[in-house]
Visitor: 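Pasting a structure below so you can have a look.
All chains are named by letter (A, B, ...) in the order of the sequence lines, taking the proteins before the strands, and each is independently numbered beginning at 1.
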Amino acid sequence: MLDTILKEAFIEAYQALYEKHPDLKHIVFQATRPEFRGDATIVVFPFTKDLKKAPEILAQELGSKLKENHRLVRDFNVIKGFLNIEIDDSYWLGFFRKNSDKTSFCAEFSPSSKRIVIEYSSPNTNKPLHLGHIRNNLLGWSVAEILKANGHKVIKVNLVNDRGIHICKSMLAWQKWGGMTPEQAGMKGDKLVGEMYVRFDKEYKKEIEALKNEGIAEDEAARKAPLMLEAQEMLRKWEAGDSDVRQLWEMMNGWVYEGFDTTYNRLGVDFEKIYHESETYLLGKDMVAQGLSNGAFYRKEDGSVWCDLRDEGLDEKLLLRADGTSVYITQDLGTAEQRMQEYEADQMIYVVGNEQNYHFDVLKRILKKLGKPWAENIEHLSYGMVELPEGKMKSREGTVVDADDLMEEMVETARRTTTELGKADELDPADASQLFEMIGLGALKYFILKVDPKKTMLFNPAESIDFNGNTGPFIQYTHARIRSLLRKAESTGLMPANDIPPIAQLPEKERQLIKLLHQYSYTLSQSGENRSPALLANYMYDLAKEFNQFYQSEPVLREENEAIRALRLKLSGFVANTLRHAGQLLGMKMPDRM
RNA sequence: GGUCUCGUAGCUCAGCUGGAUAGAGCAGCAGCCUUCUAAGCUGCGGGUCGCAGGUUCGAGUCCUGCCGGGAUCACCA
């Protein structure tokens with residue numbers, strides 16, 4: 001809102017001086033860089049052309065006018081084409097008084113509330129969750145929470161890929177070589193089923209080798225291997241509703257869901273609704289029929305159905321196989337429409353890796369061809385892969401970083417570090433383990449979420465995730481120190497009752513902090529618009545860093561001037577509240593002591 | 001090969017959508033705990049923003065071309 005006030009003031013000054021309307025797109029205020037005096041800066045270069053004046057003169061004139069007209073503008077200075085404006089303390093103090101006790105904040109430019117369905121996670125039931133899923137889950141969950149904080153109605157959904165040839169492979173392997181329940185095997189259900197999948201692959205490869213030794217070409221061997229034929233037979237039986245196969249399928253998927261639930265719980269993510277592909281994979285066929293009848297699609301000689309996107313620079317896309325069965329995109333057409341109707345969604349966000357950019361491009365184009373106006377409301381939140389030093393994670397090469405293992409490792413590191421520092425000494429065991437959980441997962445979440453979702457990121461398992469510097473625990477620690485400070489203030493009766501006494505002049509460090517806190521709502525809206533928790537994460541770091549500098553150099557409880565002491569205490573509380581709120585949106589819990 | 005995408009300090013990342021002398025953390029070195037929690041704070045060193053052009057008052061950011069990495073172009077999902 002400061003921005004809005006300044007903009008209006010600027011336009012007013014501009015018109016008064018030059019009897020012209022300034023080009024709105026050039027009126028952009030930015031935070032003044034710390035090495036200069038001022039709070040907000042506008043660059044006047046763009047206006048020189050219109051007015052044929054030197055930038056320094058222009059800035060000087062506009063600055064004078066602004067100062068003359070607005071009490072808010074305390075002073076100004078001009079450096080080259082930059083007009084630096086100092087905002088009066090009364091504004092900052094007003095903002096401070098109004099917000100310092102708030103524990104909930106909303107975005108600055110509260111946009112009109114939308115109904116947004118966001119799909120994330122979308123696991124396969126033949127593999128346990130790994131680091132890639134962690135990024136997906138944290139991102140999806142956090143973006144959903146951020147959008148809520150921006151005033152939207154958000155529905156979190158998950159679409160589980162629970163059917164298809166891959167799960168049949170696990171089932172077959174279990175029949176042949178497994179036979180144990182997760183309890184008997186003493187492992188999580190998703191892990192057990194994952195192992196069966198790997199086992200299938202191993203045995204299958206052996207068969208291919210054997211066939212090759214008989215002189216059969218590799219691709220043919222791959223198709224003719226008995227295990228593959230059996231798996232395919234199983235899939236046919238599944239589709240036909242064979243009760244034995246269905247029973248086995250339900251049992252094994254049940255194991256997997258139990259395992260997934262454990263992982264989701266610890267990770268702290270949740271869903272309003274979980275869809276299963278076994279229920280949705282047939283959707284979309286009607287839409288294909290519809291497209292056929294209105295000429296959007298066409299049938300080839302073998303009976304398969306296609307959509308021609310060549311005039312849009314893409315290729316032909318298969319929508320139904322010759323035998324009438326559907327493919328991946330067929331179901332996506334169907335689920336999109338289903339979801340659209342079910343939730344009357346204004347927007348549907350899909351959190352899916354950037355390897356599927358092409359798929360979503362095609363999906364939207366096909367929906368448009370079908371005359372679905374809501375195709376525009378589909379948004380692919382395309383995020384980058386998590387890579388290891390040696391490149392992509394490959395399940396076959398055993399280089400995947402397992403989600404459960406990683407979380408456990410993080411919590412264990414937190415336990416060790418905290419104990420070494422002697423910080424757990426006074427805690428009872430239950431509180432202590434809760435703290436380790438907070439810190440370990442806080443470190444992990446911050447590590448993942450602080451990087452721009454769009455970018456590929458690197459994870460080095462050899463170096464454990466840091467707890468010092470730009471990290472989750474650093475921010476948590478800052479919060480804990482503030483809480484401790486406030487506890488002390490309470491117990492010694494130093495806590496100011498309500499409002500703080502009047503302050504003659506806002507000290508510099510406090511001023512800096514208030515300015516940063518003022519930026520929070522803007523950051524919140526930016527992180528929503530950009531679907532980027534990273535903006536919030538980086539903001540939290542800046543705020544914590546700024547506070548630590550303040551904390552280091554300025555006494556709070558020891559300050560003798562009552563007004564200043566009250567200001568500092570309230571300010572500390574304000575910082576803690578903001579950190580806690582932002583942390584919540586990233587799924588990071590903030591400890592009261594650590 | 002076509003399309004898309006990325007390239008910033010030894011390493012991991014920022015850089016507010018075109019603005020001032022490109023910033024943090026880690027790693028290295030040097031300091032700060034009889035004072036509100038040292039998971040902290042302060043300082044030092046470290047850069048041809050992949051390369052070359054172009055657009056303009058102004059480019060790490062925009063456009064073009066190279067070089068290098070990745071993804072994708074399935075009757076897999």
Visitor: If the sugar-phosphate is the primed atoms plus P, OP1 and OP2 and the base is the rest, what is the B/S/- string for nucleotides 25-33 of chain B, using protein heavy atoms under 4.0 Å?
Guide: SS-------

Visitor: Out of curiosity, A:Gln356 CD to A:Tyr350 OH, how far, rounded to the nearest 0.5 Å?
Guide: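 These two atoms lie 11.5 Å from each other.
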
Visitor: Would you mind pulling out the nucleotide paired to B:rG40, Watson-Crick or G-U wobble, both distances under 3.5 Å?
Guide: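 Partner of B:rG40: B:rC32.
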
Visitor: Can you tell which of B:rA20, B:rG40, B:rA39 lies closest to the side chain of A:Phe474?
Guide: B:rG40

Visitor: Does the aromatic ring of A:Phe82 sit over the six-membered base ring of B:rA20, closer than 5.5 Å centre to centre and tilted less than 30°?
Guide: yes

Visitor: Using a cut-off of 4.0 Å on non-hydrogen atoms, how would the nucleic acid contact of A:Met594 be classed: base, sugar-phosphate, or nothing?
Guide: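 Base contact.
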
Visitor: Between B:rG7 and A:Lys455, is there an OP1 or OP2 to side-chain N/O distance shorter than 4.0 Å?
Guide: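 Indeed, a polar side-chain atom of A:Lys455 lies that close.
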
Visitor: A:Tyr551 has a side chain; which of B:rA20, B:rA39, B:rU37 sits nearest to it?
Guide: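 Of all the options, the side chain of A:Tyr551 is nearest to B:rU37.
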
Visitor: Need the pair for B:rG47. Rule: Watson-Crick or G-U wobble, both distances under 3.5 Å, any strand; none if unpaired.
Guide: none

Visitor: Which nucleotide, in any strand shown, forms a Watson-Crick or G-U wobble pair with B:rG53, with both distances under 3.5 Å?
Guide: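 For B:rG53, the partner nucleotide comes out as B:rC63, under the 3.5 Å rule.
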
Visitor: So what does A:Asp162 hit on the nucleic acid, given a heavy-atom distance under 4.0 Å: a base, only sugar-phosphate, or nothing?
Guide: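 Result for A:Asp162 = nothing.
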
Visitor: Under the side-chain hydrogen bond (donor to acceptor under 3.5 Å, both in side chains) test, which residues partner A:Ser553, sequence neighbours left out?
Guide: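 Counting only residues at least two positions away or on another chain, A:Ser553 forms a side-chain hydrogen bond (donor to acceptor under 3.5 Å, both in side chains) with A:Lys509.
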
Visitor: What's the gap between B:rG2 and B:rG19 when it is taken at their C1' atoms, as a whole Å value?
Guide: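 B:rG2 and B:rG19 have their C1' atoms separated by 38 Å.
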
Visitor: Is there a Watson-Crick or G-U wobble partner for B:rC26 with both distances under 3.5 Å, and which nucleotide is it?
Guide: B:rG10

Visitor: Between the base of B:rA20 and the ring of A:Phe36 - centre-to-centre under 5.5 Å, planes within under 30° - is that a stack?
Guide: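 Yes, the aromatic ring of A:Phe36 stacks with the base.
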
Visitor: Say we look at B:rC41 and B:rU35: how far apart would their C1' atoms be, to the nearest angstrom?
Guide: 15 Å

Visitor: Just to confirm, is there a sub-4.0 Å distance from OP1 or OP2 of B:rU37 to any side-chain nitrogen or oxygen of A:Ser484?
Guide: yes

Visitor: Of all the nucleotides listed (B:rC36, B:rU21, B:rA39), which has the minimum atom distance to the side chain of A:Leu485?
Guide: B:rC36

Visitor: Using the C1' atoms only, state how far B:rC4 lies from B:rA38, rounded to an integer number of Å.
Guide: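 These two C1' atoms come out 48 Å apart once rounded.
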
Visitor: Can you name the residues that form a side-chain hydrogen bond (donor to acceptor under 3.5 Å, both in side chains) with A:Asp50, not counting sequence neighbours?
Guide: A:Tyr14, A:Lys20

Visitor: Counting only side-chain N and O atoms of A:Asn548, is one of them less than 4.0 Å from OP1 or OP2 of B:rC41?
Guide: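 Yes.
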
Visitor: Which listed nucleotide (B:rC41, B:rU35, B:rA14) is nearest to the side chain of A:Asp452?
Guide: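 For the A:Asp452 side chain, the nearest candidate turns out to be B:rA14.
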
Visitor: Taking the C1' atom of each, how far is B:rG10 from B:rG47, in whole Å?
Guide: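 Rounded to whole Å, the distance is 12 Å.
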
Visitor: Determine the interatomic distance between P on B:rG23 and the same-named atom on B:rG60; round to the nearest Å.
Guide: 13 Å

Visitor: Between A:Asn84 and A:Arg593, name the one whose nearest nucleotide on RNA chain B is closer to the 5' end.
Guide: A:Asn84

Visitor: For a quick check, tell me whether the side chain of A:Lys454 and the base of B:rU5 share a donor-acceptor pair closer than 3.5 Å.
Guide: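 Absent.
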
Visitor: Given that both distances must come in under 3.5 Å, which nucleotide forms a Watson-Crick or G-U wobble pair with B:rU72?
Guide: B:rG2

Visitor: Looking at residues at least two apart in the chain, or sitting in another chain, which of them share a side-chain hydrogen bond (donor to acceptor under 3.5 Å, both in side chains) with A:Glu437?
Guide: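 Testing A:Glu437 for side-chain hydrogen bond (donor to acceptor under 3.5 Å, both in side chains), a comparison that skips the adjacent residues, returns A:Arg266.
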
Visitor: For RNA chain B, find the residues of residues 41-53 of chain A with a heavy-atom distance under 4.0 Å and give them by number; none if there aren't any.
Guide: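 Contacting residues: A:Thr41, A:Val43, A:Phe45, A:Pro46, A:Lys49.
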
Visitor: Reading nucleotides 72-77 of chain B from the 5' end, what letters show protein touch, with B for base, S for backbone sugar-phosphate only, - for no heavy atom under 4.0 Å?
Guide: SS-BSB

